[in-house]
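See below for the structure under consideration.
In what follows, every chain begins at residue 1, and chains take the letters A, B, ... in the order their sequences are listed.
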2 protein chains.
Amino acid sequence: MSDLLERLRGRGWRLTAQRRVVAEVLDGDHVHYTADEVHAKAADLLPEISRATVYNTLGELVSLGEVLEVCTDGRAKRYDPNAHHAHQHLVCSRCGTIRDVHPAGDLVANLPAEERFGFQVSAVDVTFRGICPDCAAA
Amino acid sequence: MSDLLERLRGRGWRLTAQRRVVAEVLDGDHVHYTADEVHAKAADLLPEISRATVYNTLGELVSLGEVLEVCTDGRAKRYDPNAHHAHQHLVCSRCGTIRDVHPAGDLVANLPAEERFGFQVSAVDVTFRGICPDCAAA
DNA sequence: ATCCTACATTGGACTCTGTCTAAGTCAAGA
DNA sequence: TCTTGACTTAGACAGAGTCCAATGTAGGAT
């Protein structure tokens, strides 16, 4: 993630403390924070950061293809920094925990031509749902 | 859909004009209205119906497994009355049109055991994305 | 047929997410 | 170091959804 900032600077991004902090919060695997969670964690590092800036920065990272938006439950969107490795999501129906997963095969190919209604199909989002080990034990 | 009301009455549902109207609005194939769209259409048939009742009724239909909630874009949830026929969704990235589709094969089986993190996986939601014929032509 | 009462409905206030704007601030090139 | 346009800020606003107290009514009991 540290070279993310360099990459973005190469694309004309002005490098501010706020953007640095947001990028830092999003670093890691299986990270899927909501915008407000990102804001809370960013504010631990940079107390004056505003909600608007977090939303702006997340939106820019999404436009630039560095971060994915995921929406697994109809509530707040979550931001997934793992955009450069194609993956899908596995969600616990009870506690909402999200894991990145890698299904086998070509998922788009699962949709037969006669089920495409003339669409040019270019992507597929998959959400596997189940109960995580912690919730199953409880 | 007409026997839906009878089925629900058998489960102790009180049959009110409001619930009848909501069920009527949701009748049909490839129906994926937002709660506010359901409210608008219901209000054409029963002008006094309130938003709260529409939300309550939709929530009950979802709990009873008669209607599915689908969330394809992080905006308003949509309600899909086709809950008794397993299916997935194909969404136009430009105009948002949604079609019900039926992918081939067992989609849950695409997730290898070593990618399940100990979850008991029970369901999978798939959203195919692409450009619909109308948007491609325009 | 009417009465009762628990269940349903209503409108409005409220919460949560997210967007917008006008004014102030600052990164980085000159 | 100066300048300037891009960035940040606080707060107002908007959209989606929930909650609540007051009112209405479906349908079983009489």
Side-chain angles (χ1 to χ4, degrees), chain A residues 5-26 32-43 45-64 66-80 96, chain B residues 4-25 32-43 45-64 66-80 96:
Chain A
L5 294 171
E6 280 314 308
R7 231 181 313 144
L8 294 175
R9 200 144 72 112
R11 295 213 229 169
W13 243 40
R14 194 173 282 187
L15 207 36
T16 66
Q18 290 83 350
R19 289 174 169 178
R20 220 184 318 259
V21 164
V22 169
E24 196 171 328
V25 168
L26 285 177
H32 305 93
Y33 297 136
T34 64
D36 273 345
E37 285 166 355
V38 173
H39 178 236
K41 288 172 198 292
L45 305 170
L46 185 68
E48 330 78 79
I49 193 170
S50 78
R51 248 164 40 89
T53 296
V54 171
Y55 275 99
N56 287 344
T57 305
L58 290 171
E60 285 154 12
L61 289 169
V62 170
S63 303
L64 293 169
E66 298 290 344
V67 166
L68 292 177
E69 258 176 9
V70 310
C71 154
T72 56
D73 65 348
R75 310 200 38 91
K77 285 180 213 164
R78 294 177 172 274
Y79 292 87
D80 181 339
Chain B
L4 164 64
L5 294 171
E6 281 313 309
R7 230 180 315 143
L8 294 174
R9 200 145 71 112
R11 296 212 228 169
W13 242 41
R14 193 174 281 188
L15 206 37
T16 66
Q18 289 83 349
R19 288 174 169 178
R20 221 185 317 260
V21 164
V22 169
E24 196 170 329
V25 168
H32 306 94
Y33 297 137
T34 64
D36 273 345
E37 285 167 354
V38 172
H39 177 237
K41 288 170 198 293
L45 304 169
L46 184 70
E48 327 80 77
I49 193 170
S50 79
R51 248 166 39 89
T53 296
V54 171
Y55 276 99
N56 288 343
T57 305
L58 290 171
E60 286 154 11
L61 288 170
V62 170
S63 304
L64 292 168
E66 298 288 345
V67 166
L68 293 177
E69 257 175 12
V70 310
C71 152
T72 55
D73 65 349
R75 313 206 31 97
K77 286 180 212 163
R78 293 177 173 274
Y79 293 88
D80 181 340

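Qualifying ring-ring contact (aromatic ring centres under 6.0 Å, His included) partners for His32(B), counting only residues two or more places apart in sequence or in other chains: His89(B). Judged as a salt bridge (Lys or Arg N to Asp or Glu O under 4.0 Å), and not counting sequence neighbours, Arg14(A) has no contacts. Qualifying salt bridge (Lys or Arg N to Asp or Glu O under 4.0 Å) partners for Asp73(A), counting only residues two or more places apart in sequence or in other chains: none. Residues passing the salt bridge (Lys or Arg N to Asp or Glu O under 4.0 Å) test with Arg20(B): none are found, sequence neighbours excluded. Under the rule for a side chain to side chain donor-acceptor pair (under 3.5 Å), the partners of Ser50(A) that lie at least two apart in sequence or sit in another chain are Thr53(A). By the side-chain contact (heavy atoms from CB on, under 4.5 Å) test, Leu8(A) is found to be paired with Leu4(A), Trp13(A), Leu61(A), Leu64(A), Glu66(A), residues two or more places apart in sequence or in another chain being considered. In this structure, Arg75(A) has no salt bridge (Lys or Arg N to Asp or Glu O under 4.0 Å) partners at least two apart in sequence or on a different chain.
Remark: P of dT17(C) and OH of Tyr33(A) are 17 Å apart, rounded to the nearest angstrom. Distance Glu37(A) CD to dT17(C) C1': 13 Å, rounded to the nearest Å. Here dT17(C) presents its P atom at 14 Å from NE2 of His39(A), a figure rounded to the nearest Å.
Take the nearest nucleotide of DNA chain D for Arg75(A) and for Arg14(A): the residue whose nucleotide is more 5' is Arg14(A).
Along DNA chain D, read 5' to 3', the first and last nucleotides having any atom under 4.0 Å from a heavy atom of chain A are dG5(D) to dA10(D).
Here Tyr55(A) reaches the OP1 or OP2 of dG18(C): one of its side-chain N or O atoms lies under 4.0 Å away.
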Identify all pairs in which a protein N or O lies below 3.5 Å from an N or O of nucleotides 9-15 of chain C, and state each distance.
residue	atom	partner	partner atom	Å
dT9(C)	OP1	Thr16(B)	OG1	2.5
dT9(C)	O3'	Gln18(B)	NE2	2.9
dT10(C)	OP1	Gln18(B)	NE2	3.2
dT10(C)	OP1	Glu48(B)	O	3.0
dT10(C)	OP2	Ser50(B)	N	2.9
dT10(C)	OP2	Ser50(B)	OG	3.2
dT10(C)	OP2	Thr53(B)	OG1	2.7

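Using a 4.5 Å heavy-atom cutoff, the side chains of Tyr55(A) and Val38(A) are not in contact.
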